[in-house]
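Written below as structure tokens is the structure these notes are about.
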Amino acid sequence: MARLAALIVLLIPGILAAFGIKLIRDTFFGLHILPFGALWFQFICGILFTVLGLGFFAGFLLNRDRKNGKVAPRFQKKKES
């Protein structure tokens, strides 16, 4: 059950990032998607969705690898003194 929940938690930002890439691609080809008023706004939202989706996914992987001790020393959490 925990693995299913983790999969769902990772699917949502993955879909968000994929939609952001689609918005950026559609902007380059001049295709207007309905909820966005202008192409420049569609492009900005695409970049935002992509960065947020990939950032969440990367943070999740970094956190998991830190717990398992599989990261380079420079990525280890700093110890509080």
Side-chain angles (χ1 to χ4, degrees):
M1 188 66 175
R3 288 185 183 252
L4 180 63
L7 177 68
I8 291 170
V9 166
L10 287 178
L11 275 179
I12 294 170
I15 292 170
L16 184 72
F19 183 66
I21 292 170
K22 180 195 179 312
L23 287 177
I24 294 169
R25 185 196 65 193
D26 288 348
T27 302
F28 282 135
F29 290 116
L31 299 173
H32 188 263
I33 306 295
L34 186 60
F36 302 103
L39 285 177
W40 64 268
F41 183 64
Q42 178 176 319
F43 183 73
I44 298 297
C45 288
I47 290 175
L48 184 68
F49 290 166
T50 303
V51 168
L52 289 176
L54 291 178
F56 182 86
F57 191 76
F60 182 86
L61 291 179
L62 179 64
N63 188 33
R64 185 192 64 170
D65 287 346
R66 276 183 180 162
K67 282 186 199 176
N68 295 332
K70 295 182 179 180
V71 294
R74 69 179 186 162
F75 294 116
Q76 291 290 337
K77 253 187 175 171
K78 294 183 171 72
K79 295 180 183 178
E80 295 183 27
S81 300

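If you read the sequence from its start, that first residue is 1, and numbering goes on from there. Below, all heavy atoms of this structure are taken into account, side chains as well, without hydrogens, waters or symmetry copies.
Atom-to-atom distance recorded for K22:NZ and I15:CD1 is 14.5 Å, nearest 0.5 angstrom. Atom CG in L48 sits 10.0 Å away from atom CD1 in I24 (nearest 0.5 Å). One finds the CD1 atom of I8 at 14.5 Å from the CZ atom of R3 (value rounded to the nearest 0.5 Å). Taken from CD1 in I21 to OG1 in T50, the straight-line distance is 5.0 Å, to the nearest 0.5 Å. Separating the CD1 atom in I33 from the CD atom in Q42 is a distance of 5.0 Å, to the nearest 0.5 Å. The distance from the CG atom of L11 to the CZ atom of F57 is 9.5 Å, given to the nearest 0.5 Å.
The shortest non-hydrogen separation linking L39 to L31 is CD2-O, 3.7 Å. Nearest heavy-atom pair across G53 and A17 is CA-CB, 4.1 Å.
In the hydrophobic cluster analysis, where Ile, Leu, Val, Met, Phe, Trp and Tyr join through side-chain heavy atoms closer than 4.5 angstrom, F60 is grouped apart from V51.
Checked against a 6.0 Å centroid threshold, the rings of F43 and F36 do not count as neighbours.
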Verdict with supporting geometry, F56 and V9, side chain to side chain contact (heavy atoms under 4.5 Å, CB included): CA-CA 10 Å; F56 182 86; V9 166; 3.9 Å; yes
Derivation and outcome, side chain to side chain contact (heavy atoms under 4.5 Å, CB included), residues I12 and L16: CA-CA 6 Å; I12 294 170; L16 184 72; 5.7 Å; no
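Remark: the backbone N or O of F75 is paired with a side-chain donor or acceptor of R66 at under 3.5 angstrom.
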